[in-house]
Amino acid sequence: MIDDGLTGSRIREHRRRAGMNQSELAQMVGISAPYLSLIEHNRRRIGGKCLNAIARALAVDVAALAEGAKASVTVSLLEAAANARHFEAEIDSMTEFVGRFPGWAQILATSRRRLLELEQMVEIFSDRIRHDPQLGSALHEVLSVVTSIRSTSAILVQQSDLDPVWVSRFHRNLNEDSLRLAASAKSLVDYLEQSQADRESLTLPVDEMENFLTSRQYHFSELEQESCTEQDVIDGYGEWKSETARKLVKGYLEQYRADARVIPLAAMLEALQHFGLDPAALSERFAVSMQVMFRRLVAMPETALGTSIGLLVCDASGSILSYKPVEGFAVSRYGSSCPIWPIYAAFSRPHQPLKRVVRQMGSRAECFTCYAVAYSHVPLNYSADPVYRSSMLIVPHEFLSNDKAMEVGTTCLVCPLTDCKARR
């Protein structure tokens, strides 16, 4: 808990500056107005998650509400405690600990931030190995040679009565493998030291498309108003590295315009005010499928949703076909993802939407509400099997103590859930 006797007073001050009453703020955060009143009068301690939610609702930094110079350290330690699966920290003593041992507290907070950075680096590097053939081949060559050297050395050490002829052959093999290792290591280093321009030239068309969509935050106001064509949007972006990327983007924008015609922006914004971010209710309101509503939701301005949301689409093989990222939810773009994600569970019940609160484990261990549905990608007929795809909408979820979240990972290679039955 965070409690210096003034946190509630600062919350009240910022709420009044924002022109909000207690009921409005309490509804945004998901607590009752009487409880918020107790917090503001410093009669109740406030947990780190609740404080983060209030800070977001008031559009201020958590440090502005917490303990001044000690706020960032305290919040970092609280998040670390919340993400510790096998240990229970003495949360009630957190303020005292930070006050009495500021140096140790700073060391722990700094170590946690470094751990988050290293975890992200591992995920990026693991993903790159999977989709970068040249890097994967170079690493495989190095590992193969090292294994060969280790095997040969073991034979020489363990077998003391080898024939001199065989000893000579093994020595020759060690020499040749050592030369191979040196050449392979040099090749790998040269590749890793390539210029950024050389690496960008290896960008895949799907990456180029996603870079373009990210630059526009997946929203195209000109297509909403039908003031220009899809080709005009493409030509206005600048120079494309590949014609394939242009074709992929054109197909995406054509689908975007078709969705916008079925669900006009003004009507969608009005429905969001009435139903909130509820894909099922919104789908029923416009009489469209869930996957269409998923696409339409990620095309909305973030100001209309109040949060950033993500979207995953995969085929029946589990391969990720498209991905709109959302902060905190890690996706192995080119490798195999966590097999217990709701997007894969949806294949077991086609056309039946499901909703799950998931907690992606790791140093962050953040929570998300995931909506998933599997559907036939091509029209159904009697002479051909259906071709299924699955979509998953990913919405940040403010985890509360009474919530039950399903623990998931990113990919088995870097997943901390060692007791997972689905682990590969």
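One is the number of the first residue; the rest follow in order along the sequence.
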* Checking salt bridge (charged side-chain N to carboxylate O under 4.0 Å, His left out) for the pair Glu226/Arg261: CA distance, chi angles, key distance, verdict? -> CA-CA 9 Å; Glu226 302 209 20; Arg261 286 172 176 168; 2.9 Å; yes

* **Audit row: Phe220, Tyr237, ring-ring contact (aromatic ring centres under 6.0 Å, His included) steps and yes/no** => CA-CA 12 Å; Phe220 299 89; Tyr237 179 62; 9.8 Å; no

* Asked: Does any N or O in the side chain of Trp240 come within less than 3.5 Å of the main-chain N or O of Ile234, such that one atom is a donor and the other an acceptor?
  -> yes

* To do: For the residue pair Tyr344 and Phe347, categorise the inter-ring angle as parallel (less than 30°), tilted (30 to 60°) or perpendicular (more than 60°).
  => parallel

* Close side-chain approach of Arg56 to Asn52, heavy-atom, < 4.5 Å -> yes

* Answer with yes or no after comparing the ring centroid distance for Phe286 and Phe275 against a 6.0 Å cut-off, counting only values under it. => no

* Asked: When rounded to the nearest 0.5 angstrom, what is the spacing between OH in Tyr218 and CG in Leu213?
  -> 5.0 Å

* Listed by chain and number, what are the side-chain hydrogen bond (donor to acceptor under 3.5 Å, both in side chains) partners of Ser23, not counting sequence neighbours? -> none

* **Donor-acceptor pair between Gln106 and Thr110 side chains, under 3.5 angstrom** => yes

* Asked: Checking salt bridge (charged side-chain N to carboxylate O under 4.0 Å, His left out) for the pair Glu141/Arg180: CA distance, chi angles, key distance, verdict?
  -> CA-CA 9 Å; Glu141 174 68 12; Arg180 271 181 64 199; 2.9 Å; yes

* **Heavy-atom side-chain contact between Leu311 and Ser322 under 4.5 Å** => no

* To do: May I ask you to decide if Pro379's main-chain N or O and Ser376's side chain share a donor-acceptor pair within less than 3.5 Å?
  => no

* **Check: Val331 and Leu312 side chains under 4.5 Å, non-hydrogen atoms** => yes

* Please tell me if the side chains of Ile263 and Leu282 come closer than 4.5 Å, counting only heavy atoms from C-beta onward. => no

* **Single hit among Thr369, Leu393, Val326, Ile394 for side chain to side chain contact (heavy atoms under 4.5 Å, CB included) with Ile309** => Leu393

* Asked: Are Ser242 and Thr244 linked by a side-chain donor-acceptor pair shorter than 3.5 Å?
  -> no

* **Donor-acceptor contact below 3.5 Å, side chain Thr214 vs main chain Glu210** => yes

* Ignoring hydrogens and angles, tell me if any N or O in the side chain of Arg356 forms a donor-acceptor pair with the backbone of Cys370 under 3.5 Å. => no

* Relative to each other, are the rings of Phe294 and Tyr371 parallel, tilted or perpendicular (30° and 60° limits)? -> tilted

* Evaluate the salt bridge (charged side-chain N to carboxylate O under 4.0 Å, His left out) criterion for residues Arg150 and Asp177: first the C-alpha distance (whole Å), next the side-chain angles of each, then the deciding distance (0.1 Å), finally the verdict. => CA-CA 10 Å; Arg150 183 176 182 276; Asp177 286 340; over 6 Å; no

* State, yes or no, whether a side-chain contact exists between Val233 and Glu222 at a heavy-atom distance under 4.5 Å. => yes

* Asked: Do Val373 and Leu354 come close enough that some side-chain heavy atom pair is under 4.5 Å?
  -> no

* State, yes or no, whether a side-chain contact exists between Ile54 and His14 at a heavy-atom distance under 4.5 Å. => no

* **Closest non-hydrogen atom pair, Met290 against Ser283** => SD-OG, 3.4 Å

* Residue pair Gln231 / Arg246, side-chain heavy-atom distance below 4.5 Å -> yes

* Backbone N or O of His377 within a donor-acceptor pair of the Arg389 side chain at under 3.5 Å? -> no

* To do: Decide, yes or no, whether a salt bridge links Arg257 with Glu254 under the criterion of side-chain N to carboxylate O below 4.0 Å.
  => no

* Nearest non-hydrogen partners of Ala57 and Leu25, listed with the distance -> CB-CD1, 3.7 Å

* When the ring planes of Trp341 and Phe329 are compared, do they come out parallel, tilted or perpendicular, using 30° and 60° as the limits? -> tilted

